[in-house]
**Student:** 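Just dropping this structure here.
Quick caveat: nothing in here was measured; it's all calculated off a predicted structure. Each chain gets a letter, A, B and so on, in the order the sequences are listed, and its residues count up from 1.
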Protein chains: 2
Amino acid sequence: MRLVVALGGNALLRRGERMTSQNQRANVRVACDQLAKVAIGNELLISHGNGPQVGLLALQNAAYEEIETYPLDVLDAETQGMIGYIVGQELGNRLPFDHPIATLLTMIEVDPDDPAFDNPTKPIGPTYDEAVAKGLQADRGWTFVEVDGGLRRVVPSPKPKQIFELRQIEWLLEQGCTVICAGGGGIPTMYEGGQLVGVEAVIDKDHASRLLAVGVRADTFVMATDADGIYTNWGTDNQRQIARIHPDTLADMAKDFPIGSMRPKARAACDFVLSTGKPALIGALADIEAMLDGDAGTFVSVEIDSVVYRDQLEP
Amino acid sequence: MRLVVALGGNALLRRGERMTSQNQRANVRVACDQLAKVAIGNELLISHGNGPQVGLLALQNAAYEEIETYPLDVLDAETQGMIGYIVGQELGNRLPFDHPIATLLTMIEVDPDDPAFDNPTKPIGPTYDEAVAKGLQADRGWTFVEVDGGLRRVVPSPKPKQIFELRQIEWLLEQGCTVICAGGGGIPTMYEGGQLVGVEAVIDKDHASRLLAVGVRADTFVMATDADGIYTNWGTDNQRQIARIHPDTLADMAKDFPIGSMRPKARAACDFVLSTGKPALIGALADIEAMLDGDAGTFVSVEIDSVVYRDQLEP
C-alpha cells in the first residue's frame, strides 16, 4: 500500500512545551515508533508541518538584529532540513540498516494572484501579549490575529498548485525508499517573469500533503496531529469523536470547525477522498498504526454512509 | 562525465560581505551560471560548504535567549535546507523546465574516537573581539582561536567515514537528476549504543565532498572557492598560481598552506587523485566551466610531471 503520512508541526513541538531540540526529538520518536511499523511492506511518504518551528526560526532571526530577517521561503527550507533530518535519523534507528530513507527538499508553486496574499491567516510562532505584538507590527510589519486569548503572527497561506519534485519522489519510492518530503507545506515559490522565486508565505501543510498524496496516487492519506480524531461539539460536554464519515457529511460539518486547527485537515481529507475515491485518516501521532488498523482516529471514505461516532461502535 | 562540484561556503557568503539572504543568493547565481553550463550532458553532483551560514544560525540561535542553542548537527541540517534550496532554485531557473534537480539531506558518520574531538580546529561564524569572545567562552563553553587578528569560534572537525545516502544519490543520478547533497560537510552523526545520533561538530566540506566523489566514482572532483587556484608564496610579491600539479608534489607543498583555507582543499584533492587516479580541480566559483576546459584554476593529476605554473603556459 502507498501511504502518505502528514505529521503535524504542533504534534512535533507541542503547545505549551519549550521549543527545544530535545523536546522536538522526543515527539519525533513517538511518531517514528509508529512510522517504523508501517515503513516496511508499504510505500511510505512522510510530510510534516512546521508552524512552531518556522515561528522559532523567525524569532531567532529577529533576535539577531545585525542581519535582516530571512524570508519565509528560506526559513521553510531550513525547517525542511531540521525536521527532515530528525525524522529521518530517528526512523532509521527503528528500521533495518539497509532500509533506504531519503529526505528531499520540496518546492511548491503558488499562484501570484491567490487571494490569500491580501488576507494573511496562517498563524506562525508563539502567542504574544498585546504590547509586544504592537511593537513587532510597527517594527517589522507583521500582521497579528487573536488566537486563544493572545495574539499570533499570521502570514499568507496560498493554495499549493504544483509540487516540482514529484518525479524525483516517484523514482525514490520505486527503489524502495521511505521518502520524507513536502515538509512545512513545501517551500513556497511562484513564477515571476519566467523565473521561479521564493514567496513570503506558508503553504498549509495539510493541503500540500493532500496534493502530494494525490500526485503520488496514494492508497491512503493519513494526517497525524495532536488530537485523536475529529469531534463534533469539541470542547463541550457533548463532544463526540467521529469514527467514520462520508466526505460530503464532513465537508458540511467542517464549515463550523475552527480555522487553523481541524478545518484545514477536514478539508484536505475531503478533497483527497472526493478526488481519488481513496480513504483519508485523521488522528493522533501515537495512533498511526491503530488508525490504519481501523481502531483509532477518524476514517473518511466514500464507502461510509453519512457518519458513525466512536461511541456507536462495538467495544 | 560524472562530476562532483563542491561550492565553498565562503564563496557563497563572502568574507566582509553582510550575511543577508540577498547577498547569498547573488553569489549562488554566479555559481549557477557556471553549473548550468555543465549540468546538461554530464552527471552533476553539487555539494557546498556552510561555514559562514552555520555561524550565522548559531548567532541567531544564541541571540534568542529563551531557548537553548540547537546542536550543530541540527544547524547543519538547517543549512542544507537553506543553501540547497537556493542552489536548486537558481540552477533550475537556468535549465530547461524538465531537467530534474534533487536536493537530498545527507548524514555522514564520524568516529567517536576521532582525535578531533579533543582538539577543536574548525572556525565557524564571524570574528569577535576579545571581550565578546571571553563572554561567550564563559556562557556557552565555546572555544576560540585567533584568526586574522580576531577571535573565531572553533568546533571539532572529525574525518568523514561514511555517507549514508550514497545509494539514494546513485538512484537519482541514474534517472538524470542533478543532485545537491552532502551540504556543509554532511550532517555529523555517530553510533552510540547501536543508535545513530547527532554530533556537535562540523565535518570539513572538502573532505566530505572528496568522500562523495570517491563514493560515486566521479570522473573529476572540482572545488570552487573564493580563490582562483592554488598559489605558492600566496600573498607575497612572488606568488605564483599553480596551473597543473602532481598530487605528490602538492601534498608536499600543502604542509605549508594555512589551516582552514587552502590546506584542506589541497589534501582533499590529493586524496581523491591518489585513491582514484582521476583528476581534481581547485579554482574560483566564477571559473567552473573554464576550469573544466583547462583554462583556469589548479589541475591536480597523476599525469602531470611535478608542477607547471600558470606563467609558464602559452598565453
**Student:** Which bit of B:L196 is near chain A, if near means a heavy-atom gap under 4.5 Å: side chain, backbone, both or neither?
**Tutor:** both
**Student:** With only heavy atoms counted, which part of B:L172 is less than 4.5 Å from chain A, the side chain, the backbone, both or neither?
**Tutor:**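 For B:L172, the side chain is the part near chain A, not the backbone.
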**Student:** Let me know if A:I187 has heavy atoms under 4.5 Å from chain B in its side chain, its backbone, both or neither.
**Tutor:** side chain
**Student:** Under a 4.5 Å heavy-atom cutoff, which of B:I86, B:L56, B:L75 has the most pairs with chain A?
**Tutor:** B:L56
**Student:** Is A:M107 in contact with chain B via its backbone, its side chain, both, or neither, using a 4.5 Å heavy-atom distance?
**Tutor:** side chain
**Student:** Testing the basics here: between A:G84 and B:L105, what is the closest heavy-atom pair and its distance to 0.1 Å?
**Tutor:** C-CD1, 3.9 Å
**Student:** Table up the donor-acceptor pairs between chain A and chain B that sit under 3.5 Å, atom names plus distance.
**Tutor:**
unit_1	atom_1	unit_2	atom_2	d
A:R18	NH1	B:E68	OE1	3.0
A:R18	NH2	B:E66	O	2.5
A:R18	NH2	B:E68	OE1	3.0
A:M19	O	B:Y70	OH	2.6
A:Q60	OE1	B:N61	ND2	3.0
A:N61	ND2	B:Q60	OE1	3.0
A:E66	O	B:R18	NH2	2.5
A:E68	OE1	B:R18	NH1	3.0
A:E68	OE1	B:R18	NH2	3.0
A:Y70	OH	B:M19	O	2.5
A:D73	OD2	B:Y85	OH	2.5
A:Y85	OH	B:D73	OD2	2.5
A:N93	OD1	B:L196	N	2.7
A:N93	ND2	B:L196	O	2.9
A:D98	O	B:R167	NH1	3.1
A:D98	O	B:R167	NH2	3.1
A:I101	O	B:Q168	NE2	2.6
A:T103	O	B:L105	N	2.9
A:L105	N	B:T103	O	2.9
A:R167	NH1	B:D98	O	3.1
A:R167	NH2	B:D98	O	3.1
A:Q168	NE2	B:I101	O	2.7
A:W171	NE1	B:Q175	OE1	3.4
A:Q175	OE1	B:W171	NE1	3.3
A:L196	N	B:N93	OD1	2.7
A:L196	O	B:N93	ND2	2.9

**Student:** Answer with side chain, backbone, both or neither: which region of A:I180 has an atom nearer than 4.5 Å to a non-hydrogen atom of chain B?
**Tutor:** neither
